[in-house]
Each structure stands twice: as C-alpha cells, then as structure tokens.
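Here the structure is a predicted model, which means the values were calculated and not measured. To find a chain, count down the sequence lines: A is the first, B the second, and so on, and within it residues start at 1.
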2 protein chains.
Amino acid sequence: MLNYSTSEENYIKAIFHLQRQDGTVTTNELANELKTKPASVTDMMKKLKVKKLLNYQPYQGFRLTNEGNKVALGIIRRHRLWEYFLAEKLKFSWDEVHEVAEELEHVSNKKLIDKLDEFLGFPRTDPHGDPIPDANGKIEISKKICLTAMALNTIGVVSSVSDQSSEILELLEHKKIAIGTKLEVKKKFEFDNSMEVKIGRQPAFTISNQLAENIFVLSN
Amino acid sequence: MLNYSTSEENYIKAIFHLQRQDGTVTTNELANELKTKPASVTDMMKKLKVKKLLNYQPYQGFRLTNEGNKVALGIIRRHRLWEYFLAEKLKFSWDEVHEVAEELEHVSNKKLIDKLDEFLGFPRTDPHGDPIPDANGKIEISKKICLTAMALNTIGVVSSVSDQSSEILELLEHKKIAIGTKLEVKKKFEFDNSMEVKIGRQPAFTISNQLAENIFVLSN
DNA sequence: CTATTTTTTTAGTTTTGTCTAAAATTATTT
DNA sequence: AAATAATTTTAGACAAAACTAAAAAAATAG
Ligand SMILES: [Mn+2]
Ligand SMILES: [Mn+2]
Ligand SMILES: [Mn+2]
Ligand SMILES: [Mn+2]
C-alpha cells in the first residue's frame, strides 16, 4: 500500500466518516468538516481521483473507491489505537485523546501499529466506544446508538459525545453524566423532544433534545 | 515555545549533532547529513536565522543559538523517549527503532511527551546508550567512547554503532558483537590501527580500524 | 419556464520546501 | 600572487497545499 501525505489522509478520513451518514459527500460539507475552503476541496478531489481513491465527476459529489475505503480504515485503525494507548497507558482523559491522536495517526509504519495493537492487548474499541479495525481493515459494526433512539426503560452506557465544546462538557458535568455512566430513559415528551432519564436509583431528571442528540450509548 | 515544521526540526537536530563534533557546521556537511542539496541548506539557514535559532553569516558556517539548542534538545528528548518505548514496550530490536522515532519525534505535544516519560519510568538513556534530556532540556554528558579510544585491558559494554548499514550488521553478527556485548581491548596495531579484542573468556579476535571507529562503548 | 440563489469549479496568487544551473566567494596549488 | 579548485550563495523553476475572486453549473422560487 502506498503512502499518503498528512493532508491527503485528513481528507480521506473525513470523506469516510461523512459518507457513512450521507452516502455521497459534497464539496461544502467536506470544506466545513475540515475547516477549509470549497476551492481547496475541489483541488484535493482531483488529486485523489487521479490516485484512484475517489469516484468523482465535477458537480456530482464524491465517494471513496474500495481502495479509498481501505486506506481510510488504516488511518482510523491508527487513530483509535493511539487513542486507546493515550487513555489506557498514559492516563489521558477521554476528551483529550482525540487531538493528539489526530497527529499520531499519520505516522504510518505497519509494524509500529501492529506491535502497538499487540502491546495493548488487541482492544476492540477506543475510549469513545468506537470499534477499532483489525490489521486487515475489518471493523465491527458500531453498537452505539443516539440517546434519542433508545427505547423507554432500557439502560445504556454512555460511550461518546459528538460535540466536544467546553459548553457541553460543563452541562454534562453538572448533570453528572460522563463516559461510562449508565442511563435509563424513563419518558419522552413530544412537544420539545426532551426526555427524563435516571442514573441508578437517583431521581429522574430532564435532558433537552439538543443535549440528547449529542450523547451516544452502548445499549444492553 | 513556538512550533516548528518537520523539515525545520530535522535541520535543527542535524546541526545540533554536527556542532557537537565540529564546533561550527558547514553547508556541505549539513547537506550531506540530510541527503539534500547545498542550495536547500542555504535557504533553510536564512529561515532559521530570521527565527533566531541560528547564528549565521554567509560563507561563515553556522551554530545554533541558545534558543536553537533548547529546541534541538526538545526534539532529541522526543526521539529518544520514543526509541525507548519502541524497544522496551513494543519489543523492536535496537536497529529498528531509529527510523520510526524519526517520524514520531515530530509530534510535539508537551503533555504527551511528559506522560510518556512518566509511563516509561523516566529512563536515563535510549536503546543506543545515549542520554535522554529531561523535561527542562537538561541532559547528562554521554559516557560513550569510541572503541578506538579505549585503554588496553579495560572492558566496555557495546552501546551503539554509528553506521547502520546491513553490511556492518552482517559483520557484527559474524563476530558475535551486539548491543550489550562486553569487549576487552587486548592489543592495538600501529600499522593499520586494527585491534584484538576478547568477549569474556573466548579467544581474542581481530577488528579492523574501520569497524572499531563505528563501535561505541560505555566504559567502567 | 425564467430568474435568482446556492454550490461548485476555475483562474490566478501565496507559502513552504525542494531542485538545477550559474555566479560569487573562499581555499588551495603552483 | 595568480590560477585553479572547491564551497557557498543566488536566481529562477517547480510541486504541494492553501487562499480569494470570478465564472460556471445546478438547484430553487416565482
Ligand atoms: Mn489527522
Ligand atoms: Mn475516538
Ligand atoms: Mn525526523
Ligand atoms: Mn538513539
């Protein structure tokens, strides 16, 4: 497998994540995700097309080819293994690991990553509950669902929070919700899509729809 | 402390190492070390001068400023900590670690490196016996000396080999010399600067000057 | 079905780091 | 000390990755 620049890798990974949700990815979407300008995206899409990582016809949006998906899974493997290493071995907290892994993921030495995987005991998920692809690029289907999608009276373990702003962290701290917290959904209100949840035997409390949309749990 | 590009860091580190030996470093020396062209070196020297990392007057060679030395020690700290991690935790052999550390050293997140240092138990030397600068950039003086500089009948522990070619490794393997081997110098010959050495109680054997110049030991 | 708005692409620059070829400077011989 | 050789710098070009402004295409509204 060839080697790609840091910039190319960041584009490839972003496309991979966006196409999970949207099928085909658009120029503006990707520019927004990578905090760059649409013109820069178009330039890179031409490059990735030449390298056969991308299906792209002008104005038609883009998807990764099979080869592109393989490359993306390699980057995600490196990212998540480093996240696990940082949290588990270096005792970083779960909200600090992403930024550092964003750089470490670009050191692409196969032996390094496979030995790291072994050293870590072949972990199945990263500190956010996302599955780690194996050495062949195989990845389990994520069991994470959004809090808004949970059935009533079922318990889920908080595994990740999509927004990483300090505002959401402040609110989560106030509500005593952290990664690992067990939440039970007791009621949902049609009017504003707010919900009441419980932690263990404590009294139920209310969560707004905006907050619930950003909380993901591993269910039963 | 500011952030520098991978390319800048590679130049800074190379100057640091060359000036240990030579006092002031020349354009050709550095070009040769970094496998680049003299014109590229001159360009970069101008940049590093503007950033006040370098004392440089055209045609006069260059030296790092105090600030430049500090930056270099930070890079060397990262490099050697990663080398230690690769050898000690991931079980890389001593001749494989350098190449990977050459990339990892450019991920410059202070917390990452200080936590890594702690995780590793604050090691004092890397797998080649070279001292690791502490978080403040303090570094012990290396006790490594060249095999050619050893006194007769003293024992030294092989700690590094400056050449890393497969040719030298083949020869070292044949002579049963590895990192950690205890060598005793028994005789030196003026004619070709070859020497006779012993490993433990085994019979003495001959080492050429070219080979001896590339072997470094920690003595008593 | 036009007209307007939004999205995307193109054209032309900029910055960083590299290179080759030529010019300038310094070092070494004779 | 002048000629020659070696080293270093400059000038000009190029590739990667970004940007701004303008043009082109697609989507949406009236
Ligand atoms: Mn990244
Ligand atoms: Mn993650
Ligand atoms: Mn390096
Ligand atoms: Mn080393």
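A cation-pi arrangement, defined by a distance under 6.0 Å to the six-membered ring centre and an angle within 45 degrees of its axis, is absent between A:Lys89 and B:Phe85. For the pair B:Lys144 and B:Phe216, the cation sits on the ring face: its NZ or CZ lies under 6.0 Å from the ring centre, inside 45° of the axis. Remark: A:Arg124 fails to qualify as a cation-pi partner of A:Phe122 under the 6.0 Å distance and 45° angle criteria applied to the six-membered ring.
No salt bridge links B:Lys188 with B:Glu196; every basic N to acidic carboxylate O contact stays at or beyond 4.0 Å. Taking 4.0 Å as the cut-off between side-chain N and carboxylate O, B:Lys91 and A:Glu118 do not count as a salt-bridged pair. Salt-bridge annotation for B:Glu33 and B:Lys13: absent, with no side-chain N of the basic residue lying under 4.0 Å from a carboxylate O of the acidic one.
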Taking N or O atoms only and anything under 3.5 Å, show me the protein contacts with nucleotides 22-27 of chain D, one pair per line.
unit_1, atom_1, unit_2, atom_2, d
D:dA25, O4', A:Tyr59, OH, 3.4

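In the set D:dC19, D:dT8, C:dC19, the nucleotide with an atom closest to the side chain of B:Thr26 is D:dT8. Considering only the side chain of A:Thr27, C:dT8 comes nearest among C:dT20, C:dT18, C:dT8. Of the candidates D:dT20, C:dT18, C:dT20, the closest approach to any side-chain atom of B:Lys37 belongs to C:dT20. Looking at the side chain of B:Asn28, the nearest of the listed nucleotides D:dT7, D:dT20, C:dT8 is D:dT7. Comparing C:dC19, C:dT8, D:dT9 against the side chain of B:Asp43 picks out C:dC19 as the nearest. Closest to the side chain of A:Tyr11, out of D:dA18, D:dT8, C:dT18, is D:dA18.
The interatomic distance linking A:Leu48 (CG) with D:dA16 (C1') rounds to 13 Å, in whole Å. If you measure from atom CG of A:Asn32 to atom P of C:dT7, you get 11 Å, rounded to the nearest angstrom. Computed from coordinates, the B:Met45 CE to C:dT16 C1' distance equals 14 Å when rounded to whole Å. Across the protein-nucleic acid pair, A:Tyr4 atom OH and D:dA16 atom P stand 14 Å apart, rounded to whole Å. Following rounding to the nearest Å, B:Glu8 (CD) and C:dT16 (P) show an atom-to-atom distance of 9 Å. Spacing between atom CG of B:Leu34 and atom P of C:dC19 amounts to 10 Å, rounded to whole angstrom units. The CE-P distance, from B:Met44 to D:dT8, rounds to 18 Å in whole Å. Spacing between atom NZ of B:Lys49 and atom P of D:dT8 amounts to 16 Å, rounded to whole angstrom units.
Within 4.0 Å (heavy atoms only), B:Ser40 reaches at least one base atom of the nucleic acid.
For the pair B:Thr42 and D:dT9, the criterion of a side-chain N or O lying under 4.0 Å from OP1 or OP2 is met. Neither OP1 nor OP2 of C:dT9 sits under 4.0 Å from any side-chain N or O of A:Lys46. Checking the phosphate oxygens (OP1, OP2) of D:dA18, no side-chain nitrogen or oxygen of A:Thr36 falls inside 4.0 Å. A close approach under 4.0 Å does occur between a side-chain nitrogen or oxygen of A:Tyr56 and OP1 or OP2 of C:dT9. Taking only side-chain nitrogens and oxygens, A:Ser5 never comes nearer than 4.0 Å to OP1 or OP2 of D:dA16.
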Contacts under 3.5 angstrom, residues 51-62 of chain B side chains, donor-acceptor by atom type, not counting sequence neighbours:
unit_1, atom_1, unit_2, atom_2, d
B:Lys51, NZ, B:Glu8, OE2, 2.7
B:Gln57, OE1, B:Lys49, NZ, 3.0

Report all side-chain donor-acceptor pairs from residues 77-84 of chain A shorter than 3.5 Å, counting only partners two or more places apart or in another chain.
unit_1, atom_1, unit_2, atom_2, d
A:Arg77, NH1, A:Asp117, OD2, 3.0
A:Arg77, NH1, A:Pro133, O, 2.9
A:Arg77, NH2, A:Asp114, OD1, 2.8
A:Arg77, NH2, A:Asp117, OD2, 3.1
A:Arg78, NE, A:Glu105, O, 2.5
A:Arg78, NH2, A:Glu9, OE1, 3.4
A:Arg78, NH2, A:Glu9, OE2, 2.9
A:Arg78, NH2, A:Glu105, O, 3.3
A:His79, ND1, A:Glu105, OE1, 2.8
A:His79, NE2, A:Glu83, OE2, 2.7
A:His79, NE2, A:His98, ND1, 3.1
A:Arg80, NH1, A:Pro131, O, 2.7
A:Glu83, OE1, A:His128, ND1, 3.1
A:Glu83, OE2, A:His98, ND1, 3.3

